[in-house]
Amino acid sequence: MDTAGKVIKCWAAIAWEANKPLSIEEIEVAPPKDHEVRIKIEASAICRSDDHALKGQLANLKFPVILGHEGAGIVESVGKAVTSIKPGDKVIPLYMPQCGECHCCKSKKSNLCAKNDIGPFVGLMDDNTSRFSCNGKMIYNFCGTSTFSEYTVANEISVAKIDAAAAPPERVCLIGCGFSTGYGCAVQTAKVEAGSTCVIFGLGAIGLSVIIGCHVAGAARIIGVDINKDKFAKAKAVGATECINPRDFTKPIHELICEMTDGGAGYTFECIGNIDTMISALQSSHPGYGTCVLIGIAPAGAQLAFDPMLILTGRTLKGSFFGGLKSKDCVPQLVSDYMENKFKLDELVTHTLPFAKINEGFELLHAGESIRTVLTF
Ligand code: PAD
Ligand code: ZN
């Protein structure tokens with residue numbers, strides 16, 4: 001392409017500081033270095049994690065930053081050492097990379113690539129520089145993806161090439177985070193068994209994707225829990241067998257769930273990011289064999305405290321990022337599976353807006369009206 005090797009000027013949504021609306025501004029995107037890929041973003045959804053970041057709830061995250069980690073696009077150009085990706089490829093940027101060389105990448109047991117930037121939030125490329133600037137000021141990246149920009153630059157290990165020529169970017173972008181996280185937590189992290197009972201706390205895109213995974217795994221009972229009853233219809237449409245609102249009951253929610261499930265569920269999932277519901281989810285899992293998976297991201301500094309007897313009596317507490325799925329390997333397969341209608345995904349998209357209306361998308365999330373808002377470029 002004629003832009004290869006040149007700086008590209010384009011629009012991006014910059015978070016200059018925490019708790020301020022995003023500001024759409026013209027930025028400069030430098031060409032990709034040796035192992036990097038420059039991507040023209042076609043669609044990006046808004047995840048609650050972007051909102052946590054914008055609210056300053058992620059310790060170490062630096063501003064100004066370009067957020068966004070649930071996108072899909074087309075490769076504009078690649079650095080000279082890139083071998084797995086070429087210009088014109090359809091791709092999904094990966095906030096959880098897969099370098100293939102670290103202990104976790106080499107282990108079958110984990111997807112937590114040592115090159116991930118979740119937690120440290122260094123926000124820079126491998127050479128400790130950024131490819132983004134605005135009026136000469138350096139802008140940080142978010143988890144190596146920064147999809148709230150017309151163009152972004154990612155490391156080759158953070159880019160999955162997707163085959164399906166017809167894959168609609170405004171749907172498969174969800175495979176970059178929300179869908180894969182929830183679905184993977186059910187099928188990979190928890191390894192839900194057929195015939196089991198599952199309880200899902202929080203019915204946003206993550207919780208709904210857990211339900212989809214539990215359904216595909218053949219769970220017999222799938223109980224959704226949310227304080228917003230407007231989320232119940234969609235939860236049932238993707239596979240929940242029952243939904244409950246803790247505010248409709250005076251007794252603690254875990255007591256109710258234990259009564260409903262003859263002592264506790266085989267699998268429980270926390271998809272909110274709230275310390276109290278994390279403990280409720282653990283208490284709702286069956287003694288002896290229940291597994292509780294934490295997915296929601298609690299605010300910086302929050303601490304979990306619970307009676308260790310809950311674990312001594314045979315419950316397992318787990319957690320993962322990106323559903324425990326090895327990202328570069330699994331994302332192309334999930335896109336193909338979506339194209340073959342092996343699972344539902346379209347239900348998760350409730351709103352589509354032009355990129356310029358990104359702040360409206362965040363307002364819909366705050367109001368509890370959206371599951372996923374997809375921004376189109
Ligand atoms: P969301 O805000 O769309 O959904 C959360 C849902 O929880 C909403 O429907 C709320 O009504 C509901 N809720 C809130 N408080 C309660 C409560 N006390 N009891 C019951 N229900 C409640 O978020 P999301 O689905 O985009 O993300 C969910 C969490 O998962 C969030 O913390 C996000 O940061 C985290 C996440 N983790 C990963 C990962 O890899 N671990 C990836 C992506 C997102
Ligand atoms: Zn996310």
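Order of listing sets the numbers, starting from 1, for every ligand and every atom in it. Being a predicted model, the structure only gives us computed values, none of them experimental.
- Note: no N/O pair closer than 3.5 Å links Gly207 and ligand 1 by distance alone.
- Residues Cys292 and Leu317 form a side-chain contact, since some pair of their non-hydrogen atoms from C-beta on lies under 4.5 Å apart.
- Under 3.5 Å, the side chains of Glu70 and Thr147 contain no donor-acceptor pair of N or O atoms.
- Nearest protein heavy-atom contact of atom 33 (C) of ligand 1 is Ser49 OG, 3.5 Å.
- With 3.5 Å as the limit, one finds no donor-acceptor pair spanning the side chains of Glu363 and Asn359.
- Of the heavy atoms in Cys177, only side-chain atoms (C-beta onward) come closer than 4.0 Å to ligand 1.
- Protein heavy atom at the shortest distance from atom 27 (O) of ligand 1 is Ile206 CG1, 3.2 Å.
- Computed with the Zn ion (ligand 2) at the centre, the His69 NE2 to Cys47 SG angle is 110°, stated to 10 degrees.
- Contacts between Tyr95 and ligand 1, counted as non-hydrogen atom pairs separated by less than 4.0 Å, involve the side chain only.
- Using cut-offs of 30° and 60° on the angle between ring planes, the pair Phe362 and His366 is tilted.
- A donor atom on one side chain and an acceptor atom on the other are not found under 3.5 Å apart for Asn111 and Gln98.
- Defined by atom type and a distance below 3.5 Å, a donor-acceptor pair is missing between the side-chain atoms of Lys357 and Thr373.
- In the candidate list Pro299, Ala45, Gly204, Ser180, Gly204 is nearest to atom 3 (O) of ligand 1, counting heavy atoms.
- Looking at ligand 1, you'll find an N or O of Ala205 within less than 3.5 Å of one of its N or O atoms.
- Closest protein heavy atom to atom 28 (C) of ligand 1: Cys271 O, 3.2 Å.
- When the heavy-atom distances from atom 38 (C) of ligand 1 to Asn111, Leu365, Asn274, Thr181 are ranked, the shortest goes to Thr181.
- For the atom pair NZ of Lys6 and CD of Glu76, the computed distance is 10.0 Å after rounding to the nearest 0.5 Å.
- Side-chain contact check for Glu42 and Thr376: no donor-acceptor pair (N or O, by modelled atom type) lies under 3.5 Å.
- Scanning all protein heavy atoms for the shortest distance to atom 30 (O) of ligand 1 gives Gly296 CA, 3.5 Å.
- At under 3.5 Å, not a single nitrogen or oxygen of Ser370, backbone or side chain, sits near a nitrogen or oxygen of ligand 1.
- Inclusion of His69 in the set of residues having an N or O under 3.5 Å from an N or O of ligand 1 is not warranted.
- His69 pairs with exactly one of Phe148, Phe121, Phe321, Tyr95 by the ring pair (Phe, Tyr, Trp, His ring centres under 6.0 Å) rule, that one being Tyr95.
- Aromatic rings of Tyr183 and Phe343 (six-membered ring for Trp) have centroids within the 6.0 Å cut-off, being under it.
- Of the listed residues (His52, Arg48, Lys229), the one carrying the non-hydrogen atom nearest atom 32 (O) of ligand 1 is His52.
- Within the set Val225, Asn228, Asp226, the minimum heavy-atom distance to atom 10 (C) of ligand 1 is found for Asp226.
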